Asker: 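So that we are looking at the same thing, I have put the structure below in structure tokens.
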Number of protein chains: 2
Amino acid sequence: MQPPAVGVSVVILALGPEETAADCRDAMPSRLWLPLVRRVRQPFLGRWALPGGDLRADRSLEQSAYHALETTTDLHPRYLEQLYTFGDPARSHGGLPMVSIVYWALVGKAEAHDFTEADNVRWFPEDELPELAFDHRQIIDYALWRLRNKIEYPDIATKLVGDTFTLRQLHHVYEAITGEAIDVANFRRRMLLSGELEDTGEKLRDGRHRPAAVYRYNPDRSRVSTAPPVGPPRDAPTIEELEGQRIEDALSALMPSARA
Amino acid sequence: MQPPAVGVSVVILALGPEETAADCRDAMPSRLWLPLVRRVRQPFLGRWALPGGDLRADRSLEQSAYHALETTTDLHPRYLEQLYTFGDPARSHGGLPMVSIVYWALVGKAEAHDFTEADNVRWFPEDELPELAFDHRQIIDYALWRLRNKIEYPDIATKLVGDTFTLRQLHHVYEAITGEAIDVANFRRRMLLSGELEDTGEKLRDGRHRPAAVYRYNPDRSRVSTAPPVGPPRDAPTIEELEGQRIEDALSALMPSARA
DNA sequence: CCAAAAGTGTTAAAAGTACACCCATGA
DNA sequence: TCATGGGTGTACTTTTAACACTTTTGG
């Protein structure tokens, strides 16, 4: 009996633009959007599917995921973590048996707007997904569940906004993801007491109201580690390391986007 | 560039026997033990390593893990969950590049004693591991970290003892895993208030003291789901389903141990 | 002045912690 | 009866949640 083939897929999540409901002039809290690619072969030809790619023996899994994400959507994740490995033989529905090592990624609001909106790549809101190929719908549901369970950590939430943000914006992120109302006063206190937000000193005027302080995420090393241990799940360079390498590689053909 | 080979490995954890320290007649809280197998080929010939096996295209990942665990150690897990997939090219140290889909398993105290203590399989206490092949040491550390972070859920702890247990025994499990002292009175209350323990009505005499009530784990469906969502990470039959199948398969050559 | 968001304070309920204490049992 | 663990009560601290209130801005 043959071993199955292996590939890597990525669930990319980003905060959509603020929307205005038809019957209400207030901006609703944004929803989560994710890019999908259209399949160009059987099975499920023409169906939407998760971006993915091959696994090469000379790359780490994270590098492969990063590469797949970059080449298909031209995005650069601010967060990238392994989600789960799927390998049930029944999941390929007529294709060859396939093991998918799935990562989930977060991209910032700004970056999500200059993606390549090609014919074969399109963004969908999380609650209006089309019919998907394979078991990709369940995979996305699982990724969303993971996000909702990890959102308590401030570093995750800050990955969905820009480098700097007001507490109001961050608050919107939390509400969009958890789907429930969160008391602003208590939210503010928790965030500031976590010690991971740094005041940039800037102010941001939104409407005709009082301007809000602008913060930046800044991890607090003094905190007790809730993160992975001495032997973390990392088996690859971090995103930071990849970023460094990516810049050196910038002249290679990997990046269609213009970047010095 | 070739894709790497794929295999499945399992970190099996069990509670060891109660130990008696030399300088103290009290039984210490048990430690965690895990079985390792000796490698019979290069690289790392002769070194201890995690039990593992191949991935077959007609089995789910969980089935493959279950099978690998069963054939190498003759144990039957009470808990089996995917841990992480490792695939850094550097991890094979001279071997062929290899992706390892790693599961972690818990076996009960009773079952852990009738394992096949063959020449090539041996149990080690978690804090006295030998030098291991590949990156298996980091993998074990990660599994232990996951266990320590999941132990708050009563269902995990109960998998490490028998089907029935006293609160004292369960208390020992928690202390062994977290490594710190836990107030018995508060522990008792938390466990009973969780509503997941059912009194069997039996009593168990340990020493010359008052007998303790014997409980059984019984999941409380009324509780809010902290478990995976509508689209869980399951892509395979559960352990219960595998158990059923395993009994039917008992006559096949898979199981060295005698079992009707 | 008003509306609306920024930001602060106060209080009550809940959850977690420490520890004193009584009970049951076999030796 | 004594030592030992089984089991209960209680007071105290910390965390969480609810919500009233003051401040700053543009119109």
Side-chain angles (χ1 to χ4, degrees), chain A residues 18 20 24-30 151-154 161 164-176 178-216 223-224 226, chain B residues 18 20 24-30 149 151-154 161 164-176 178-216 220 223-224 226:
Chain A
E18 296 196 359
T20 321
C24 150
R25 28 187 272 292
D26 289 336
M28 313 193 57
S30 320
I151 193 56
E152 42 200 274
Y153 310 115
V161 294
T164 62
F165 45 85
T166 66
L167 282 176
R168 174 174 182 67
Q169 291 171 320
L170 201 59
H171 182 246
H172 275 156
V173 174
Y174 274 76
E175 287 197 332
T178 63
E180 46 198 37
I182 299 170
D183 184 289
V184 263
N186 296 329
F187 176 79
R188 156 184 306 279
R189 258 184 300 258
R190 256 187 308 142
M191 286 300 128
L192 295 184
L193 277 183
S194 81
E196 313 210 9
L197 298 192
E198 184 188 16
D199 193 335
T200 64
E202 298 167 47
K203 300 283 173 187
L204 184 69
R205 268 184 281 282
D206 178 28
R208 50 199 168 289
H209 326 298
R210 175 176 177 178
V214 176
Y215 294 88
R216 161 189 307 121
R223 169 175 70 104
V224 288
T226 173
Chain B
E18 296 197 358
T20 321
C24 151
R25 29 187 271 292
D26 289 337
M28 314 193 57
S30 321
N149 277 75
I151 192 57
E152 40 201 276
Y153 310 116
V161 294
T164 62
F165 45 84
T166 66
L167 282 176
R168 173 174 182 69
Q169 291 172 318
L170 201 59
H171 182 248
H172 275 156
V173 174
Y174 274 76
E175 287 197 334
T178 63
E180 45 197 38
I182 299 169
D183 185 289
V184 267
N186 297 328
F187 175 80
R188 158 184 306 278
R189 257 186 299 259
R190 258 187 306 145
M191 286 301 127
L192 295 184
L193 277 183
S194 79
E196 312 213 9
L197 298 192
E198 183 187 17
D199 193 335
T200 63
E202 296 167 49
K203 301 283 173 186
L204 184 69
R205 270 183 279 282
D206 178 28
R208 50 197 166 290
H209 328 297
R210 175 176 175 177
V214 175
Y215 294 88
R216 160 189 308 121
D220 179 10
R223 174 173 67 103
V224 288
T226 173

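Predicted, not measured: the structure shown is a model, and the values here were computed from it. Just so it is clear: chains get the letters A, B, ... in the order the sequence lines come, proteins before strands, and each one is counted from 1.
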Asker: To the side chain of A:A212, which of C:dG7, D:dT8, D:dG7 is closest?
Answerer: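 Looking only at side-chain atoms, A:A212 lies closest to C:dG7.
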Asker: I'd like to check A:L170 versus A:L197 (side-chain heavy atoms, cut-off strictly below 4.5 Å). Are they in contact?
Answerer: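 Yes, their side chains come closer than 4.5 Å.
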Asker: Between D:dC2 atom P and B:R208 atom CZ, what is the distance in whole Å?
Answerer: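 These atoms are roughly 16 Å apart.
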Asker: What nucleotide, of C:dA6, C:dA4, D:dA18, holds the atom closest to the side chain of A:N186?
Answerer: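 Of the options given, the side chain of A:N186 lies nearest D:dA18.
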Asker: Does A:D206 make a side-chain donor-acceptor contact with the base of C:dA5, cut-off 3.5 Å?
Answerer: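 Counting by modelled atom types and ignoring angles, no donor-acceptor contact under 3.5 Å is found here.
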Asker: Calculate the interatomic distance between B:F187 atom CZ and D:dG9 atom C1'; express it in whole Å.
Answerer: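 It works out to 20 Å between those atoms.
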Asker: Give a yes or no on whether the backbone of A:I151 and the side-chain of A:Y174 come within a donor-acceptor separation of less than 3.5 Å.
Answerer: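 Between the backbone of A:I151 and the side chain of A:Y174 there is a qualifying donor-acceptor contact (under 3.5 Å).
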Asker: Looking at C:dA6, I'd like to know if its phosphate oxygens (OP1 or OP2) sit under 4.0 Å from a side-chain N or O belonging to A:R188.
Answerer: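 A:R188 to C:dA6 OP1/OP2: no side-chain N or O under 4.0 Å.
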Asker: What is the distance from CG of B:L170 to P of D:dG6, rounded to the nearest Å?
Answerer: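 Atom-to-atom, B:L170 to D:dG6, this comes out as 12 Å.
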Asker: Figure out the CD/P separation between B:E152 and C:dG16, and round it to whole Å.
Answerer: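 Distance, rounded to whole Å: 10 Å.
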Asker: Within less than 4.0 Å of OP1 or OP2 of D:dG6, is there a side-chain N or O belonging to B:R168?
Answerer: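 So the side-chain polar atoms of B:R168 do come within 4.0 Å of the phosphate oxygens OP1 or OP2 of D:dG6, strictly under.
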Asker: Can you tell me the distance, in whole Å, between the CG atom of B:L204 and the C1' atom of D:dG7?
Answerer: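 It works out to 16 Å between those atoms.
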Asker: Starting from P on C:dG9, measure out to CG on A:D183 and report it in whole angstrom.
Answerer: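 Atom-to-atom, A:D183 to C:dG9, this comes out as 15 Å.
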Asker: C:dC23 phosphate, OP1 or OP2: any side-chain N/O from B:R210 under 4.0 angstrom?
Answerer: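 Negative; the distance criterion is not met.
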Asker: Between B:E175 (side chain) and B:H172 (backbone), is there a donor-acceptor pair under 3.5 Å?
Answerer: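 No, because the side chain of B:E175 does not come within donor-acceptor range (under 3.5 Å) of the backbone of B:H172.
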Asker: Tell me the interatomic distance from B:R190, atom CZ, to C:dA18, atom P, rounded to whole angstroms.
Answerer: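 One finds 11 Å between P of C:dA18 and CZ of B:R190, rounded.
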Asker: Taking for each residue the nucleotide of DNA chain D with the nearest heavy atom, is it A:P211 or A:R189 whose nucleotide lies nearer the 5' end?
Answerer: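 Result of the comparison: A:R189.
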Asker: If you count the non-hydrogen atoms of other residues, nucleotides and ligands that lie under 6.0 Å from CG in A:D206, is the total more than 12?
Answerer: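 Atom CG in A:D206 is not packed in, count stays at 12 or less.
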Asker: Please state how far atom NE2 in B:H209 lies from atom P in C:dT25, giving the value in whole angstrom units.
Answerer: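 Rounded to the whole Å, the gap is 13 Å.
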Asker: Checking only heavy atoms, does the side chain of B:R205 share a donor-acceptor pair with the base of D:dG5 at less than 3.5 Å?
Answerer: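 Looking at the base of D:dG5, it does not pair with any donor or acceptor on the side chain of B:R205 (distance under 3.5 Å).
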Asker: So A:A213, base contact, sugar-phosphate only, or nothing? Heavy-atom distance under 4.0 Å.
Answerer: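 Sugar-phosphate contact only - A:A213 comes under 4.0 Å of backbone atoms but never of a base.
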Asker: Examine distances only and state if a side-chain atom of A:T200 and a backbone atom of A:R216 form a donor-acceptor pair shorter than 3.5 Å.
Answerer: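 Flag not set: sc A:T200 to bb A:R216 has no pair under 3.5 Å.
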